[in-house]
Amino acid sequence: MPDFVSPVKDKTLADRALRLLRDDILAARLAPDTRLRIAELQKRYDLGISPLREALLRLISEGFVVAEGQRGFAVASVSLAELKDLTRARIRLEGLLLSEAIALGDAEWETGIVAAFHRLSRTPLPEDLHDVQATAHWESCHRAFHDALVAGCGSPWLLRMHAQLGEHSERYRRIRLFHSVAPAQMIRNVNDEHQSLMQAMLDRDTPRAIALVQSHLTNTANAVASFWQPEAP
């Protein structure tokens, strides 16, 4: 059984299977390239074959699972090349969304940014990175902050694309978290970056906001890349 149980209420068994599988993939409890055998997943989640297959097919469409022909399913691989491509895509899309949000956002949007930053800044990265609930809580607050920044853009389609890229980025970031030697230092720097981003958005300073989000996402990608390019001893 999974070691983290969400309070989310699922409408169907397929929704439950999708949530549990996605959560385990994002948290790296199901590591990249892991074979996903239906019989093992049935025992892990106490679910039947049909909802699990439906969930796996949906995760294929989202890019988290791959089909291996007659061999079944596996968790999608990660790579430095994909990380670089993902980061480029996020920088371009997030820059566009920030510009639109600054142009269209109202006072309620501004309030949402401030509230999301407050929650994130009061949520420390857990010292024990194998503390599943604490890590999941920080990731939830982090995602909510970035979502709040772009929430005023006025485009549901672009927001859906932003959410998908954000989830894939989270999977890579979790790899970094579980291989970090100085998480406390990392989170101090990230908090400073988040605060600067918030202020640029509230000041309606589009060029500064775009430059800051580009630097922020690039810094994160560079930190994650150390998983493939570790520092020399």
Side-chain angles (χ1 to χ4, degrees), residues 1-11 15-32 34 44-46 55 59 62 64 75 78 83 86-87 90 94 108-151 159-160 162-199 201 212-213 216-217 219-221 223-224 226-227:
M1 296 292 289
D3 52 2
F4 173 66
V5 178
S6 170
V8 173
K9 299 296 183 182
D10 304 297
K11 294 181 179 179
D15 289 338
R16 174 174 171 78
L18 178 66
R19 175 176 58 80
L20 294 174
L21 276 163
R22 186 193 284 118
D23 285 351
D24 279 351
I25 291 171
L26 290 180
R29 292 188 289 272
L30 289 172
T34 297
R44 183 182 182 92
Y45 301 122
D46 193 23
L59 288 169
E62 295 178 7
F64 291 113
V75 178
V78 294
L83 172 63
L86 175 61
T87 303
R90 277 202 73 189
E94 202 140 338
E108 184 177 352
W109 164 72
E110 293 180 349
T111 300
I113 293 175
V114 174
F117 173 75
H118 180 77
R119 286 191 295 271
L120 178 58
S121 66
R122 296 297 187 272
T123 306
L125 187 70
E127 294 182 4
D128 178 3
L129 297 179
H130 294 281
D131 184 338
V132 176
Q133 291 191 1
T135 301
H137 180 55
W138 187 89
E139 285 290 351
S140 176
C141 291
H142 182 256
R143 188 188 304 178
F145 173 72
H146 279 274
D147 287 348
L149 293 177
V150 302
L159 288 174
R160 282 194 285 270
H162 176 265
Q164 185 176 17
L165 291 176
E167 285 191 334
H168 281 273
S169 296
E170 180 179 332
R171 185 161 79 117
Y172 276 89
R173 190 166 56 251
R174 293 276 189 117
I175 293 172
R176 165 59 176 168
L177 291 180
F178 281 98
H179 291 82
S180 175
V181 296
Q185 181 61 43
M186 184 189 75
I187 202 64
R188 281 199 301 272
N189 294 339
V190 170
N191 274 338
D192 289 345
E193 292 175 17
H194 287 152
Q195 185 166 17
S196 296
L197 255 174
M198 176 187 67
Q199 194 59 55
M201 297 299 287
L212 285 171
V213 81
H216 177 65
L217 295 177
N219 287 343
T220 299
V224 174
S226 65
F227 176 72

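Treat the numbers as computed from the prediction; the structure is a model and nothing was measured. Residue numbers count from 1 along this sequence.
- Pairing each heavy atom of Gln164 with each of Glu62, the nearest pair is NE2-O, 3.4 Å.
- The two atoms that bring Ala116 and Ala144 nearest to each other are CB-O, 4.0 Å, heavy atoms only.
- One finds a salt bridge joining Glu170 and Arg174 here, because a Lys/Arg side-chain nitrogen approaches an Asp/Glu carboxylate oxygen to under 4.0 Å.
- Annotation: side chain of Arg90 is not in contact with side chain of Val213 (no heavy-atom distance under 4.5 Å).
- Ring-plane geometry between Phe64 and His168 is classed as parallel, the angle between the planes falling under 30 degrees on a 0 to 90 degree scale with a further cut at 60.
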Between Val75 and Arg171, does a side chain to side chain contact (heavy atoms under 4.5 Å, CB included) hold up when you go through it step by step?
CA-CA 12 Å; Val75 178; Arg171 185 161 79 117; 3.5 Å; yes
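- Closest approach of Ala221 and Thr87 over heavy atoms only: CB-OG1, 3.3 Å.
- The minimum heavy-atom distance between Leu21 and Ala55, with the atom names listed, is CD1-CB, 3.9 Å.
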Between Tyr45 and Arg16, does the side chain to side chain contact (heavy atoms under 4.5 Å, CB included) criterion hold? Intermediate values first, please. CA-CA 9 Å; Tyr45 301 122; Arg16 174 174 171 78; over 6 Å; no
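- Remark: side-chain polar atoms of Ser196 are paired, donor with acceptor, to backbone N or O of Asp192 under 3.5 angstrom.
- Atoms OH and OG1, on Tyr172 and Thr220 in that order, are 14.5 Å from each other to the nearest 0.5 Å.
- Note: Arg44 CZ to Asp24 CG = 4.5 Å, rounded to the nearest 0.5 Å.
- Side-chain atoms of Trp138 do not come within 3.5 Å of backbone N or O of Gln133 as any donor-acceptor pair.
- Residue Glu139 holds its CD atom at 11.5 Å from OG1 of Thr123, rounded to the nearest 0.5 Å.
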**Q.** Full working for side chain to side chain contact (heavy atoms under 4.5 Å, CB included) between Arg29 and Asp23
**A.** CA-CA 8 Å; Arg29 292 188 289 272; Asp23 285 351; 4.1 Å; yes
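- Distance check: Phe145 CZ to Met198 CE gives 7.0 Å after rounding to the nearest 0.5 Å.
- Summarising the geometry, atom CG belonging to Asn191 is positioned 9.5 Å from atom CZ belonging to Arg122; distances are rounded to the nearest 0.5 Å.
- Between His216 and His142, the two ring planes are tilted [angle within 30° to 60°].
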Task: Leu83 vs Val78, side chain to side chain contact (heavy atoms under 4.5 Å, CB included): CA-CA, chis, key distance, verdict - done: CA-CA 8 Å; Leu83 172 63; Val78 294; over 6 Å; no
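- Taking the side chain as every heavy atom from C-beta outward, Met201 and Glu110 never approach each other to under 4.5 Å.
- With rounding to the nearest 0.5 angstrom, the CD atom of Glu167 is 5.0 Å from the CZ atom of Arg22.
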